[in-house]
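Comments concern the structure below.
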There are 2 protein chains.
Amino acid sequence: MKILQAIIRNYLETGEPVGSRTISKYTDLNLSSATIRNEMSDLEEMGLIKQPHTSAGRIPTDAGYRIYVDHMMDDSRREVEEMKNLLVDKEERLENLLQQVAKLLADGTQYASMISAPTVQGNKIKFIQLSQVDPENILAVIVLEKNLVRNSLIPVKEELTQEALLMLNMLLNTSLNGVPVEQINLGLIAAIKKKAGVYEELVGDVIDAAAEAIKPDDDLKIYTSGATNIFRYPELADHQKAREILLEIEEKGALGSIVQERLAGEETGIQVYIGTESQQESMKDLSVVTTTYDLGDGMKGTVGIIGPKRMDYDKVVGILKDIAHNLDDLYKT
Amino acid sequence: MKILQAIIRNYLETGEPVGSRTISKYTDLNLSSATIRNEMSDLEEMGLIKQPHTSAGRIPTDAGYRIYVDHMMDDSRREVEEMKNLLVDKEERLENLLQQVAKLLADGTQYASMISAPTVQGNKIKFIQLSQVDPENILAVIVLEKNLVRNSLIPVKEELTQEALLMLNMLLNTSLNGVPVEQINLGLIAAIKKKAGVYEELVGDVIDAAAEAIKPDDDLKIYTSGATNIFRYPELADHQKAREILLEIEEKGALGSIVQERLAGEETGIQVYIGTESQQESMKDLSVVTTTYDLGDGMKGTVGIIGPKRMDYDKVVGILKDIAHNLDDLYKT
DNA sequence: TGTTAGCACTCAACAAAAGAGAGTGCTAAC
DNA sequence: GTTAGCACTCTCTTTTGTTGAGTGCTAACA
């Protein structure tokens, strides 16, 4: 239905309810406003558009947006050029990179953005080393494939001898090298402990620390940017709403669920949540567009845009694809 | 002047301009409204209070708040009990701790809060170790006093021999052990390089990496929380203002300057910036109360509360002192 | 001299009333 | 199937009063 498309297009731009007159005038359909009105009636009956009040124009419903996103989006309209060369520098620290990407997205789209730290799934241990840092502490350094480095300080009762350290290092490396993080289980731990002899306890500590260091860190860390952009959209800028939305973005609760949902699922393309589709009460006036990026070797994360329901889906989808693509390439040099 | 105190107290509570009648009624001064009016005239002339418009009550000016903060605050009124046992758990990762503290502050005060990561000033190197992680990379682990661990991956052209590594480790440790980070200068580097012989280049890389790893990381990292609390205060919740303030908090520009100012100065107590006193246009409707915390060995940071000018200074100062105290103790076990 | 009562005046805030304008649904004609 | 015309609805804006809090000033009082 060309008319639905026209209505949504117009509403995306202005944010105002659009009336029959406007459509009749500013499209090349060459239909009078009366005809449009009839059609509108039908569309309303189908639940694709609605009137905020009698004698106002129509605005799209969530279902209406859905149709638009699924069938009517014009991929050629993508205005990605501006961001094409965004040059995600290979930043020293992942954290900064993510924050930078979030900012980039927010600035580029004028919406709010989020990006989750990649989860380290199926990452393998590549190198372990214990060193006596001072008489009371041993430093365990664990390097994973993809050169992720973690370290942990382990207090010890007494200083270890040079030989003991050497022995333990050897032991740990031979037993854990190439083992995926998830596969470190009690059985394996027990086996290694046994071989450690007197240092059983210490080895237990080291493995615990390793597990600890790897898991909960980036667990569900989400970086956001451009939250204040919501003030650009009058329909969201109202006190009550703005407050709720900002709180949501700050606390990241709803975003967390979305990210988890994304990571759990197998789907890897663009996903669009319109209004209540995200199951989150606080998101009812927002749309969230997400996609998955993949740093390789199971390091996946989610990146997305949060904006008003009347967001420029074409543009956002384009930009997200771009970013995800860039991130995908980043570590595959 | 008891009257000024009464006016400010009242205004802090209500946020509404306070009239002569109110003061006359709800204080134990036993003065009629007429008298109060006369006094108010004087206070206005002195620039301590002002009227938003004729026929409205008076509100304090920045100067008025200043007087209050400097001379009239009632320390006994502190309502810190609620937070007394806040139990800042010794979190694994500093970052989480700081974020947690920020949230605690925001929740406890109902204002926005900020905390800067501690700057590592005068921290000394305690331990350095190079290890061959894989054929192309060497991992440099640097441990500082206070057990701050940094690491950096250095690409190398060819694998080093066991002996070479041992030699370099020995060299680096003997030359850099106990050296404050700031004192690593070109002269020192040259001297070490010379001793490194064939590995001159590699050593240079390591030291560069070390310097790199230590400095810019936590440099001016600021964690904030509770930004949305500003919506609680009608005088800030207006679109335009709220947006500016939230943007400021998100971007952290102004906060950064304040933190730097604090760290540069020698003062270590509570500091209150009222309105324009912070030199930041965007802060003109806000007050910022900060204090410095000290994790020991020169690891200092700034923690503060950002709120409306009519914030409950007594309470905020109390809580901040408490938090700073807790943080001070944290690492001094 | 400091305090108080009284009064006229000002001005924001609220509410009711009056238009204006946009948009609709429906009917009748093309 | 499309269009013109018209009465009707409802929001939004503007206007006009009205109210009430609060002031400044003057004159009386202790």
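We name chains A, B, ... by the order of the sequence lines, and we start the count at 1 in each one. As the structure is a prediction and not an experimental result, all values here were calculated from the model. Just the heavy atoms: all of them, side chains too, but no hydrogens, waters or symmetry mates, feed the values below.
Distance check, rounded to the nearest 0.5 Å: CD of A/Glu235 to CZ of A/Arg310 gives 4.0 Å. Note that CD1 of B/Ile305 is 11.0 Å distant from CG of B/Asp312, once rounded to the nearest 0.5 Å.
At a threshold of 4.5 Å between non-hydrogen side-chain atoms, the residues B/Thr292 and B/Gln271 do not count as touching. Within the 4.5 Å cutoff, side-chain heavy atoms of A/Val259 are placed close to those of A/Met114. The side-chain heavy atoms of A/Leu236 and A/Leu286, taken from C-beta on, include a pair separated by under 4.5 Å.
In this structure, the CD1 atom of B/Ile36 is 18 Å from the P atom of D/dA21, given to the nearest Å. For the pair B/Arg58 CZ and C/dA12 P, the computed distance is 15 Å after rounding to whole Å. In this structure, B/Ile3 atom CD1 and C/dT3 atom C1' are separated by 12 Å, rounded to whole Å. Atom CD1 in B/Ile59 sits roughly 14 Å away from atom P in C/dA12 (whole-Å rounding). For the pair B/Gln51 CD and C/dA12 P, the computed distance is 11 Å after rounding to whole Å. Here the C1' atom of nucleotide C/dA13 and the CD atom of B/Glu16 are 12 Å apart, to the nearest Å. The CD1 atom of B/Ile23 sits 15 Å away from the C1' atom of D/dA21 (whole-angstrom rounding). In this entry the distance linking OH of A/Tyr26 with P of C/dG23 reads 11 Å, nearest Å.
Judged by closest nucleotide on DNA chain C, B/Thr54 is the one of A/Thr22 and B/Thr54 placed further toward the 5' end.
Remark: C/dA28 base-pairs with D/dT3; criterion is Watson-Crick or G-U wobble with both hydrogen-bond distances under 3.5 Å. When Watson-Crick and G-U wobble pairs are counted only if both distances are under 3.5 Å, D/dC8 pairs with C/dG23.
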side-chain contact (heavy atoms from CB on, under 4.5 Å) for A/Gln110 and A/Tyr233? Distances and angles first, verdict last. CA-CA 10 Å; A/Gln110 305 281 48; A/Tyr233 309 96; 3.7 Å; yes
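For B/His53, counting side-chain heavy atoms from C-beta on, the closest listed nucleotide (D/dT11, C/dC11, C/dG25) is C/dC11.
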Summary of protein contacts for nucleotides 14-22 of chain C, nucleotide by nucleotide, where a base hit scores B, a sugar-phosphate-only hit scores S (4.0 Å, heavy atoms): --------B
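Ion pairing between B/Glu251 and A/Lys103 holds under the 4.0 Å rule for side-chain N and carboxylate O.
Judged by distance alone, with hydrogens and angles left aside, the side-chain atoms of B/Gln5 form a donor-acceptor pair with the main-chain N or O of B/Met72 at under 3.5 Å.
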Taking N or O atoms only and anything under 3.5 Å, show me the protein contacts with nucleotides 1-4 of chain D, one pair per line.
from: D/dT3; atom 1: OP2; to: A/Ser32; atom 2: N; distance (Å): 2.9
from: D/dT3; atom 1: OP2; to: A/Thr35; atom 2: OG1; distance (Å): 2.6

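Counting only residues at least two apart or in different chains, salt bridge (charged side-chain N to carboxylate O under 4.0 Å, His left out) contacts with residues 56-69 of chain A comprise A/Glu44-A/Arg58, A/Asp62-A/Lys309, A/Arg66-A/Asp70, A/Arg66-A/Glu277.
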